[in-house]
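Presented below is the structure to which this report refers.
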There are 2 protein chains.
Amino acid sequence: MAQSDTVTKILDAAEALFAEHGFAETSLRTITAKADVNLAAVNYHFGSKKALIQAVFERFLTPFSQLIETGLDQHAKLQPDTPMEVEEILQQVARAIAGVSHGDRRRLSIFMRLAGLAYTQGQGHLRRFLQKEYRGIFRRLMAVITMATPDLQPVERFWRFHFMLGATAFTMSSMESLQAIVEHDFDTKCTEEEIVALLLPFLAAGIRAK
Amino acid sequence: MAQSDTVTKILDAAEALFAEHGFAETSLRTITAKADVNLAAVNYHFGSKKALIQAVFERFLTPFSQLIETGLDQHAKLQPDTPMEVEEILQQVARAIAGVSHGDRRRLSIFMRLAGLAYTQGQGHLRRFLQKEYRGIFRRLMAVITMATPDLQPVERFWRFHFMLGATAFTMSSMESLQAIVEHDFDTKCTEEEIVALLLPFLAAGIRAK
DNA sequence: TTTTAAGTTAAACGTATGTTTCAAACAGAC
DNA sequence: GTCTGTTTGAAACATACGTTTAACTTAAAA
């Protein structure tokens with residue numbers, strides 16, 4: 001229980017701090033202080049800060065992509081001949097995200113912000129790691145989207161897919177500050193689920209434009 | 001000519017390096033080395049690294065917002081009673097961006113990547129600086145968008161505006177790598193202008209969804 | 001020519017970072 | 001209870017950073 005406890009505490013603290021301040025701005029000392037763990041524990045259990053960053057991603061990205069995978073499998077089994085609608089695909093992804101955060105409201109936000117950071121923050125090693133590790137699920141998602149948008153030119157679809165990715169990653173990565181602005185300017189609170197509910201029609205309309 | 005030359009060299013180097021690696025990851029030593037300038041020059045001319053970051057933004061954000069301002073002024077003068085269409089507004093912005101980069105292809109990409117970083121990368125001081133300095137143009141843009149989308153709820157419009165911002169900032173900030181992928185996978189080259197031409201209908205459709 | 005201010009330079013400063021070390025504490029197996 | 005491999009702990013290490021200093025150069029003003 002000793003090891004896995006320390007490892008988990010480090011991952012939890014790192015996850016939250018990375019999401020809040022970014023990777024370069026979060027020091028190992030801050031992480032280990034928050035985790036109530038010795039400084040050396042990070043290098044002992046993970047080897048390096050880079051490896052810790054990758055481990056943080058691995059912990060939620062692996063179940064996440066598995067959830068999507070099984071979701072797509074289910075559709076393929078139940079309705080093997082009808083291609084999925086764009087909205088269905090997006091909802092599948094949204095459901096997987098919600099599934100990973102598993103009740104914990106904060107984790108959904110952390111999850112999204114991390115995903116955004118992964119793209120926007122430099123960290124070449126992270127990009128390489130993610131591309132290598134999760135290329136399969138990425139290609140599969142692309143395949144169902146291709147079936148859902150048969151009229152689109154391949155290059156056009158590629159770009160629109162990344163437009164969607166960008167709107168999502170950016171929104172999620174600056175979610176907290178945007179939520180604060182909404183609360184201040186409109187006197188309304190927006191939960192993460194509500195934001196997702198607003199985002200999906202935007203994305204679906206965008207990818208089907210014209 | 002000594003001062004302004006050094007200042008310009010520092011700004012040029014910082015702009016390119018920030019866009020490529022982010023703010024925290026770019027050291028003053030890297031900047032001054034690339035600018036072929038003494039390390040102390042940054043603190044002498046700008047006062048601090050934070051002030052340098054703000055100066056980099058100021059240099060292109062000020063003419064950028066002026067271009068948008070005059071564009072909106074023109075429309076207000078020529079057609080004072082017809083509200084702008086979403087597409088017109090977006091094209092106005094696109095034209096302003098192109099105007100600032102002024103021939104230099106790389107600056108367009110740098111410009112957008114910086115804008116994206118400003119939002120996603122922590123840097124509280126940058127956010128505060130931008131909000132204080134450019135709140136006027138932001139509000140004015142929001143106002144014309146409001147007139148162009150009268151059916152939208154205010155909160156909904158706020159979020160959709162940031163979805164657009166996200167799609168744009170993200171796309172531009174990872175433009176180079178995405179262009180490389182397109183060239184490899186589809187055997188086609190995409191210029192920045194072509195990407196913008198693909199982006200605008202996506203954004204317009206998104207903000208008008210439903 | 002002398003003075004004066006601005007700009008540049010090389011070196012150093014203090015601090016914070018990621019990483020390593022090695023002794024101490026702990027666990028389960030025998 | 002002893003032994004063995006694993007995990008923790010406090011301290012130190014080397015390095016990189018932003019910033020400061022003070023001597024030096026430049027060039028225009030007096």
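Quick note on labels: first sequence line is chain A, next is B, and so on, each numbered from 1.
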What's the CG-P distance between Leu39(A) and dT19(C), to the nearest Å? 10 Å
From the list Val7(B), Thr6(B), Thr32(B), side chain to side chain contact (heavy atoms under 4.5 Å, CB included) with Val42(B) holds only for Thr32(B)
Between C1' of dG9(D) and CZ of Arg29(A), the distance in whole Å: 14 Å
Of dT19(D), dA12(D), dA6(C), the nucleotide closest to the side chain of Ser48(B) is dT19(D)
Asn38(B) has its side chain closest, among dT19(C), dT9(C), dT7(D), to dT9(C)
Given the side-chain rings of Phe186(B) and Phe158(A), with only the six-membered ring counted for Trp, is the space between their centroids under 6.0 Å? yes
Rounded to whole Å, how long is the line connecting atom NE2 of His45(A) with atom C1' of dT7(D)? 6 Å
Specify the separation, in whole Å, of atom CG of Leu28(B) and atom C1' of dT8(C). 16 Å
Please determine whether a side-chain nitrogen or oxygen atom of Ser27(B) lies at a distance below 4.0 Å from atom OP1 or OP2 of dA16(D). no
How do Val37(B) and Thr30(A) order along DNA chain C: which one's closest nucleotide is nearer the 5' end? Val37(B)
Rounded to whole angstroms, how far apart are CG on Asp5(B) and C1' on dT8(C)? 13 Å
Could you note down all residue pairs passing side chain to side chain donor-acceptor pair (under 3.5 Å) where residues 86-95 of chain B supplies at least one of them, sequence neighbours left out? Glu87(B)-Arg208(B)
Check every atom of dC17(D), dT8(C), dT20(D) against the side chain of Asn43(B) and return the nucleotide holding the closest atom. dT20(D)
When the distance from NZ of Lys49(B) to P of dT15(C) is rounded to whole Å, what number comes out? 19 Å
Any salt bridge (Lys or Arg N to Asp or Glu O under 4.0 Å) pairs touching residues 129-139 of chain B, not counting sequence neighbours? none
For the pair made of CD1 in Ile31(A) and C1' in dA16(C), what is the distance, rounded to whole Å? 14 Å
From the candidates dG18(C), dA6(C), dG18(D), the one with an atom nearest any side-chain atom of Tyr44(B) is dA6(C)
Identify which nucleotide among dA10(C), dT8(C), dT8(D) has an atom closest to any side-chain atom of Ala40(B), counting heavy atoms from C-beta outward. dA10(C)
Look at the rings of His162(A) and Phe138(A) and say which category their plane angle falls in: under 30° parallel, 30 to 60° tilted, over 60° perpendicular. tilted
Starting at atom CD1 of Ile10(B), determine the distance to atom P of dT9(C), rounded to an integer number of angstrom. 10 Å
